[in-house]
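A short write-up of the structure that comes next.
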There are 2 protein chains.
Amino acid sequence: MKKRRNTPTKEAVLEVLSKTGKAMSQDAIEQKIDIDINRATIYRVLNRFCDDGIVHRVVAEDGKQYFALCVKCEDNKEPSHHFHFRCLRCETIECLPVEVNFTIPDEYLVENVNCVLTGTCRDCSRI
Amino acid sequence: MKKRRNTPTKEAVLEVLSKTGKAMSQDAIEQKIDIDINRATIYRVLNRFCDDGIVHRVVAEDGKQYFALCVKCEDNKEPSHHFHFRCLRCETIECLPVEVNFTIPDEYLVENVNCVLTGTCRDCSRI
DNA sequence: TTATTTATTGCGATTGTATTGCAATATTAC
DNA sequence: GTAATATTGCAATACAATCGCAATAAATAA
Ligand SMILES: [Mn+2]
Ligand SMILES: [Mn+2]
Ligand SMILES: [Zn+2]
Ligand SMILES: [Zn+2]
């Protein structure tokens with residue numbers, strides 16, 4: 001793996017993702033960062049995070065990419081392949097602690113899983 | 001519902017989707033049709049099919065939309081919410097007869113399900 | 001059949017997301 | 001400090017999908 005360097009952008013993006021705990025788009029991340037960072041740079045940082053296994057990418061039915069921290073501590077570990085929920089009202093995507101299970105013939109080689117449920121989230125449905 | 005008219009485009013798109021039995025992108029559909037049909041028109045036809053419940057839309061991790069006929073006959077019925085498999089080699093997407101199951105609190109209102117597995121399909125893994 | 005209504009189409013323009021080339025900059029190692 | 005090179009900013013680019021509008025054609029009435 002290529003050697004990584006510490007930069008303000010990395011720190012800022014990580015902090016935003018860490019605080020929200022949800023999956024965010026590049027646009028949403030940029031808006032949450034106080035310093036001014038170029039769009040392309042944020043994408044490159046996010047893609048590097050994905051390469052390094054720090055972050056995972058979710059593609060929703062809106063065709064957009066969302067990025068979330070990979071949570072691996074014991075307390076609130078998320079299954080490697082979990083469902084995501086995109087709320088149409090508050091426009092957030094959360095990683096659900098619900099594992100994706102499926103039965104498929106051995107001849108299929110599954111390399112990636114992308115599962116997104118869309119609708120109204122818990123918080124928004126209570127209003 | 002708005003009244004629909006029969007057009008050569010509708011017929012052509014339906015025939016292509018029916019023959020392949022898989023989920024296809026606008027681009028792939030256009031290439032399979034012998035007559036020349038405008039891109040925007042194909043998209044509009046497909047969107048109308050989706051509105052009418054004849055076709056369902058799948059969004060893959062490549063961010064593209066794929067469209068497949070809704071199969072509802074007894075012989076090879078597909079579950080309303082089923083997995084899809086996108087093969088990176090032959091670049092096709094097939095509707096798997098595997099139902100998507102998940103447990104999620106009642107407060108969540110699920111309106112749509114989009115699940116795509118990516119990798120190497122059965123045919124391609126045998127080569 | 002012809003006339004009328006309006007759903008559908010073609011075309012170009014447009015939107016929106018994401019990536020890329022390249023020169024400038026900043027971080028790390030020495 | 002200097003050298004090596006990972007990272008960034010900027011503008012250009014790629015690409016999927018949609019939209020506005022005038023032209024066309026399918027369905028229906030006359
Ligand atoms: Mn997740
Ligand atoms: Mn399907
Ligand atoms: Zn919500
Ligand atoms: Zn294949």
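Letters A, B, ... mirror the listed sequences (proteins, then strands); counts begin at 1. Given the structure is predicted, the values throughout are model-derived calculations rather than measurements.
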>> Could you tell me how far apart Glu11(A) (CD) and dT8(D) (C1') are, to the nearest whole angstrom?
In response: 16 Å
> Could you give the CZ-to-C1' distance, from Phe49(A) to dT7(D), as a whole number of Å?
Replying inline: 12 Å
Side-chain donor-acceptor pairs under 3.5 Å in residues 27-34 of chain B, sequence neighbours left out?
{"residue": "Asp27(B)", "atom": "OD2", "partner": "Gln31(B)", "partner atom": "NE2", "Å": "3.1"}
{"residue": "Glu30(B)", "atom": "OE1", "partner": "Gln26(B)", "partner atom": "NE2", "Å": "2.6"}

> Looking only at heavy atoms, what is the nearest atom pair of Lys22(B) and Thr92(B), with distance?
Replying inline: NZ-OG1, 3.3 Å
> Whole Å only: how far is the NZ atom of Lys10(B) from the P atom of dT9(C)?
Replying inline: 9 Å
>> Base, sugar-phosphate or nothing for Ser25(A)? Non-hydrogen atoms, less than 4.0 Å.
In response: nothing
> Roughly how many Å is it from CG in Asp51(B) to P in dA7(C), rounded to a whole number?
Replying inline: 14 Å
> What are the two closest heavy atoms between Phe83(B) and Glu99(B), and how far apart are they?
Replying inline: CE1-O, 3.7 Å
> Is there a side-chain contact between Arg4(B) and Asp51(B) (heavy atoms, below 4.5 Å)?
Replying inline: yes
> To the nearest Å, how far apart are Glu61(A) CD and dT17(C) P?
Replying inline: 15 Å
>> Rounded to whole Å, please give me the gap between NZ in Lys64(B) and C1' in dT17(C).
In response: 15 Å
> For Val98(B) and Thr103(A), which heavy atoms make the closest approach, and how far apart are they?
Replying inline: CG2-O, 3.4 Å
> Does some side-chain heavy atom of Leu69(B) sit less than 4.5 Å from a side-chain heavy atom of Phe49(B)?
Replying inline: no
>> Output the rounded distance in Å from OH (Tyr66(B)) to C1' (dC15(D)).
In response: 12 Å
>> Within a 6.0 Å radius of atom CD on Glu91(B), are there more than 12 heavy atoms belonging to other residues, nucleotides or ligands?
In response: no
Side-chain atoms of residues 115-127 of chain B: list all donor-acceptor pairs with protein atoms under 3.5 Å, sequence neighbours left out, distances to 0.1 Å.
{"residue": "Thr118(B)", "atom": "OG1", "partner": "Glu61(B)", "partner atom": "OE1", "Å": "2.5"}
{"residue": "Thr118(B)", "atom": "OG1", "partner": "Glu61(B)", "partner atom": "OE2", "Å": "3.1"}
{"residue": "Arg122(B)", "atom": "NE", "partner": "Glu107(A)", "partner atom": "OE1", "Å": "3.4"}
{"residue": "Ser125(B)", "atom": "OG", "partner": "Glu107(A)", "partner atom": "O", "Å": "2.6"}
{"residue": "Ser125(B)", "atom": "OG", "partner": "Cys121(B)", "partner atom": "O", "Å": "3.4"}
{"residue": "Ser125(B)", "atom": "OG", "partner": "Arg122(B)", "partner atom": "O", "Å": "2.9"}

> Roughly how many Å is it from CG in Asp62(B) to P in dA18(C), rounded to a whole number?
Replying inline: 12 Å
> For the rings on His81(B) and His56(B), is their centre-to-centre separation under 6.0 Å?
Replying inline: no
> Which part of the nucleic acid, if any, lies within contact of Gln26(A), taking any heavy atom under 4.0 Å across all strands shown: a base, the sugar-phosphate backbone alone, or nothing?
Replying inline: nothing
>> Would you say the ring centers of Tyr108(A) and Phe85(B) fall short of 6.0 Å from each other?
In response: yes
> Looking at side-chain heavy atoms only, is the closest gap between Val45(B) and Arg48(B) below 4.5 Å?
Replying inline: yes
>> At 4.0 Å (heavy atoms only), tell me whether Asp27(B) reaches a base, stays on the sugar-phosphate, or touches nothing.
In response: nothing
> Looking at residues 33-45 of chain B, who's got a heavy atom less than 4.0 Å off DNA chain C?
Replying inline: Asp36(B), Ile37(B), Asn38(B), Ala40(B), Thr41(B), Arg44(B), Val45(B)
>> What does the B/S/- profile of nucleotides 24-30 of chain C look like, 5' to 3', with a 4.0 Å heavy-atom cutoff to protein?
In response: --BBS--
> Between the side chain of His84(A) and the main-chain N/O of Leu96(A), is any donor-acceptor distance below 3.5 Å?
Replying inline: no
>> Is there a side chain to side chain contact (heavy atoms under 4.5 Å, CB included) between Phe102(B) and Val110(B)? Walk through the geometry before answering.
In response: CA-CA 11 Å; Phe102(B) 53 87; Val110(B) 178; 4.1 Å; yes
> Between residues 16-23 of chain B and DNA chain D, which residues have a heavy-atom gap below 4.0 Å?
Replying inline: none
> At what angle, to 10 degrees, do the two end axes of the helix from dT1(C)-dA30(D) to dC30(C)-dG1(D) meet, given five pairs define each axis?
Replying inline: 30°
>> When you compare the side chain of Met24(A) with that of Leu17(A), does any pair of heavy atoms fall below 4.5 Å?
In response: yes
